[in-house]
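These notes concern the structure reproduced below.
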Amino acid sequence: MSIVTRFPPSPTGMMHIGNARTALFNYLYARAKDGKFLVRIEDTDRARHSEEAVQVILDGLEWLGLEYDNTPESQYANKQRHIDVAYELLAAGKAYKCYCSPEELEEMREKSKTTGLPAYDRRWRDRPESDAPAGIDPVIRIKAPLEGFTIVDDKVQGEVKVENKQLDDMIILRSDGTPTYMLAVVVDDHDMGVTHVIRGDDHLNNTFRQNMIYDAAGWEKPTYAHLPLIHGPDGAKFSKRHGAVGLNEFQAMGYLPEALCNYLMRLGWAHGDEEIISIQRALEIFDFDGMNKAAARFDYAKLESLNAHYIKEADNERLIDLVSPFLQENHDIIISKTGLDRLQAGMDGLKDRSKTLVQLAEESVFYLVDEITYDEKALKNLNLDSSSLLKEMLNDFKNLDEVHHDSVEAACRALADRRAEGKLGKVMMPLRSALTGTDKSPSLFEVVEILGKGETCTRIQAAIDFIEKAS
RNA sequence: GUCCCGUUCGUCUAGGGGUCUAGGACACCGCCCUUUCACGGCGGCAACACGGGUUCAAAUCCCGUACGGGACGCCA
């Protein structure tokens, strides 16, 4: 039997990080087992539905690199089929009409708090149709088993058992004639040939309810795998108050999709001591055996460390492309031809030091601006003392035939010997500030080489002018 | 309240009766490297929730307790 998994997001306007993880595991399992990974949009809530919201989801999947094997299906489009199934179950005596009013139900809910049983007391389950009050549109409820117990053999949670008397005669068709989620999911999953339902364990209890529908319809039930949820750093359900929850927010913070995938995979799942796991690798080793049952807390520090790793590994051209939007947005920089040349030359030195693309962009700025602005730290290095040092350095650089790593180093060391008792740092820090506008940067020998003699000298001169003007 | 699930270093986890004086990763601390910040290298701190069983032997199996989470909609 070939495996079919599915990802059924409701279009809420964002792709929650937890949903992204669910999608990832569905994708992994399907692909690892040579099966299919399908997408279905749960858009039955028409009030909330919008095309943009659907697109956000699909963009998210694309960004993560999770290719699906179908044209994303609309649950709403299958509405009539759901209704038909509800009536088939009704005709087969597996379901019945219930004429309770919302008020009656509310009353029952109150009462049930003491009994520990489902709220609805099944009062219409065996009542003849002739008792139906006039003018009330009934709902259709499924007949839950009354005795015994049901066991679900979950791939992650193991055997989960519940007493059937805990199961309620849930509504499958609303009084307005629309199908409920429980019905729609089951019908769609069945129709789409879904063999494995992999989802968050907040759905574990739903499994028993959904299985009632499978049984009533006489359909084969899928295999279930309920994944532990992601919690915030404080152990509570991961939500907005923990900061970012949307995939696009993580993207905006400068995380690479492969880093996020790696992180999300390892959250609740492990394969021995392996930490760095690409999707490719995961496809070779993924299985539910390595899955944990307990919820895991989200840890930005670890995500960042993974991100730093993947930035180091990333192709330079790709990084430049990724960094451009941040540069434009945060600094109004559009990369020029010379800027591009410098970035290409300097990226190796830059990318080893950044944990996020945002940081990478920030650290790239000095290669791209026409005029350096000095931050507070830089200002400390730009004073009367250093100005005379910079003047001498400027002169030395001008006399160099060629500025490359070695010649620059030789010149700097010589200057340090002459003027700073051999302390290289004394001459490098003013230079660093002059060239980069701050006190942190990649190796200056490299920076000078990349900027070139002309630009280097221009910047040193600008720093000298700046100091004189300031004093 | 009822039902379901869970509990190994701060965090993610390895572990599936003896090899555990419990391993790895991130974070943290120290040292080294060094023109800065990083990177890198080396080292350190740090955990089996608690109580009972079962067993020659339990982090591993069973039962309780505590704590945490999830679900209890004519939402999805």
Side-chain angles (χ1 to χ4, degrees), chain A residues 8-12 42-45 47-48 75 98 100 102 105 109 112-119 137-141 152 154 156-158 160-163 166-168 170-182 184-185 200-209 226 228-229 231 233 235-237 263 266-276 289-290 292-306 308 312 349-355 359 363 377 381 409 412-413 416 423-429 431-433 436 438-445:
Chain A
S10 51
T12 58
E42 311 249 306
D43 52 359
T44 53
D45 188 344
R48 269 196 273 169
Q75 183 156 75
C98 165
C100 286
L105 288 171
R109 238 191 297 280
S112 74
K113 287 201 171 140
T114 56
T115 66
L117 290 171
D137 293 323
V139 298
I140 294 181
R141 310 186 87 114
V152 169
D154 192 275
V156 174
Q157 305 291 333
V160 185
K161 187 168 150 184
V162 78
E163 281 187 286
Q166 294 295 338
L167 269 22
D168 56 345
M170 64 178 177
I171 295 171
I172 56 174
L173 201 72
R174 301 188 186 97
S175 53
D176 67 359
T178 59
T180 60
Y181 163 77
M182 291 292 178
V185 173
D201 71 11
D202 48 342
H203 281 285
L204 188 53
N205 290 290
N206 286 160
T207 306
F208 296 98
R209 303 200 164 75
H226 285 91
L229 262 22
H231 282 174
K237 195 171 184 174
Y263 180 69
R266 280 287 286 101
L267 211 52
W269 175 74
H271 187 261
D273 285 341
E274 278 190 58
E275 296 288 347
I276 303 296
D289 297 348
N292 263 96
K293 293 188 186 182
R297 299 185 186 203
F298 197 91
D299 180 15
Y300 278 99
K302 189 139 185 176
L303 206 209
E304 281 194 354
S305 134
L306 243 14
K312 274 183 211 119
L350 250 20
K351 71 181 180 183
D352 274 357
R353 7 183 334 104
S354 299
K355 290 190 167 167
Q359 196 185 336
E363 306 221 331
K377 299 282 178 56
N381 295 318
E409 175 165 3
C412 290
R413 288 198 185 278
K423 287 183 181 151
L424 195 53
K426 289 275 187 204
V427 320
M428 298 312 278
M429 287 316 281
L431 178 61
R432 171 165 284 114
S433 296
T436 70
T438 182
D439 66 337
K440 309 181 210 0
S441 81
S443 163
L444 285 180
F445 306 138

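With B:U35, B:C4, B:C37 as the choices, the nucleotide that has an atom nearest any side-chain atom of A:Arg353 turns out to be B:C37. Ranking B:U36, B:C74, B:C4 by closeness to the A:Arg109 side chain, first place goes to B:C74. Listed nucleotides B:C5, B:A76, B:C37 differ in distance to A:Gln75; the shortest reach to its side chain belongs to B:A76. With B:U35, B:C74, B:C4 as the choices, the nucleotide that has an atom nearest any side-chain atom of A:Val162 turns out to be B:C4. Here B:U36 is the nucleotide among B:G69, B:U36, B:C5 with the atom lying nearest to any side-chain atom of A:Ser441. Each of B:C5, B:C74, B:A76 was ranked by its minimum atom distance to the side chain of A:Glu42; first place goes to B:A76.
As rounded to whole Å, 13 Å separates atom P of B:C39 from atom NZ of A:Lys440. Counting to the nearest Å, the C1' atom of B:C39 and the CG atom of A:Leu350 are 13 Å from each other. Atoms CG (A:Leu167) and P (B:A71) sit 17 Å apart, rounded to a whole Å. Residue A:Glu304 contributes atom CD, which lies 11 Å from atom P of B:C39 at whole-angstrom precision. Rounded to a whole Å, the CG atom of A:Leu444 is 16 Å from the P atom of B:U34. One can place CG of A:Leu306 at 10 Å from P of B:A27, the figure rounded to the nearest angstrom. Atom-to-atom, CG of A:Asp352 to P of B:U34 comes out at 18 Å; the value is rounded to the nearest Å.
A donor-acceptor pair is defined here as one N or O able to donate and one able to accept, closer than 3.5 Å; such a pair exists between the side chain of A:Asp299 and the backbone of A:Ala301. With hydrogens and angles ignored, the 3.5 Å screen pairs a side-chain donor or acceptor of A:Lys293 with a backbone N or O of A:Gln157.
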Could you write nucleotides 40-47 of chain B as a row of B, S and -, 5' to 3', where a protein heavy atom under 4.0 Å of any base atom gives B, of only sugar-phosphate atoms gives S, and otherwise -? S-------
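A:Lys161 comes within 4.0 angstrom of sugar-phosphate atoms only, judged by non-hydrogen atoms across all strands, and of no base. Contacts of A:Cys98 with the nucleic acid, taken as non-hydrogen atoms under 4.0 Å apart, are absent. Base engagement by A:Ser443 is indicated by at least one non-hydrogen atom pair under 4.0 Å involving a base atom. Nucleic acid contact for A:Pro442: base, since at least one base atom lies under 4.0 Å from a heavy atom of the residue. Nucleic acid contact class of A:Lys237 (heavy atoms, under 4.0 Å, all strands): sugar-phosphate only. Using a 4.0 Å heavy-atom criterion, one finds that A:Leu173 contacts no nucleic acid atom at all.
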Check nucleotides 62-67 of chain B for protein N or O atoms closer than 3.5 Å to its own N or O atoms and list the pairs.
none

Nucleotide N/O of nucleotides 12-14 of chain B paired with protein N/O under 3.5 Å:
from	atom 1	to	atom 2	distance (Å)
B:C12	OP1	A:Arg297	N	3.0
B:C12	O2'	A:Arg266	O	3.0
B:C12	O2	A:Lys302	NZ	3.3
B:U13	OP1	A:Gly268	N	2.4
B:U13	O3'	A:Asn292	OD1	3.4
B:A14	OP2	A:Asn292	OD1	3.4

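Here A:Asn206 pairs with A:His203 under the side-chain hydrogen bond (donor to acceptor under 3.5 Å, both in side chains) rule; sequence neighbours left out. Residues passing the side chain to side chain contact (heavy atoms under 4.5 Å, CB included) test with A:Glu275, sequence neighbours excluded: A:Arg266, A:Lys302. Residues passing the side chain to side chain contact (heavy atoms under 4.5 Å, CB included) test with A:Leu167, sequence neighbours excluded: A:Ala144, A:Pro145, A:Thr150, A:Val162, A:Asn164, A:Phe208, A:Met212. For A:Asp168, the side-chain hydrogen bond (donor to acceptor under 3.5 Å, both in side chains) partners at least two apart in sequence or on another chain are A:Arg209. Every residue meeting the side chain to side chain contact (heavy atoms under 4.5 Å, CB included) condition with A:Thr438, not counting sequence neighbours, appears here in chain and number order: A:Asp375, A:Thr436. For A:Glu304, the side-chain hydrogen bond (donor to acceptor under 3.5 Å, both in side chains) test picks out no residue, with sequence neighbours left out. A search for side-chain hydrogen bond (donor to acceptor under 3.5 Å, both in side chains) contacts involving A:Arg141 returns nothing, not counting sequence neighbours. A:Tyr263 is linked by a ring pair (Phe, Tyr, Trp, His ring centres under 6.0 Å) to A:Phe298, counting only residues two or more places apart in sequence or in another chain. Looking at residues two or more places apart in sequence or on another chain, you find a side chain to side chain contact (heavy atoms under 4.5 Å, CB included) between A:Lys440 and A:Arg353, A:Lys377.
Only one option out of A:Val139, A:Thr180, A:Ile140, A:Thr178 pairs with A:Leu173 in a side chain to side chain contact (heavy atoms under 4.5 Å, CB included); it is A:Ile140.
If A:Arg174 and A:Ala236 are placed on RNA chain B by their nearest nucleotide, the residue sitting closer to the 5' end is A:Ala236. The nearest heavy atom of RNA chain B to A:Gln359 and to A:Gln166 marks one nucleotide each, and the one closer to the 5' end goes with A:Gln166.
Dashed line: the shortest gap from a side-chain N or O of A:Lys293 to OP1 or OP2 of B:G6 is under 4.0 Å.
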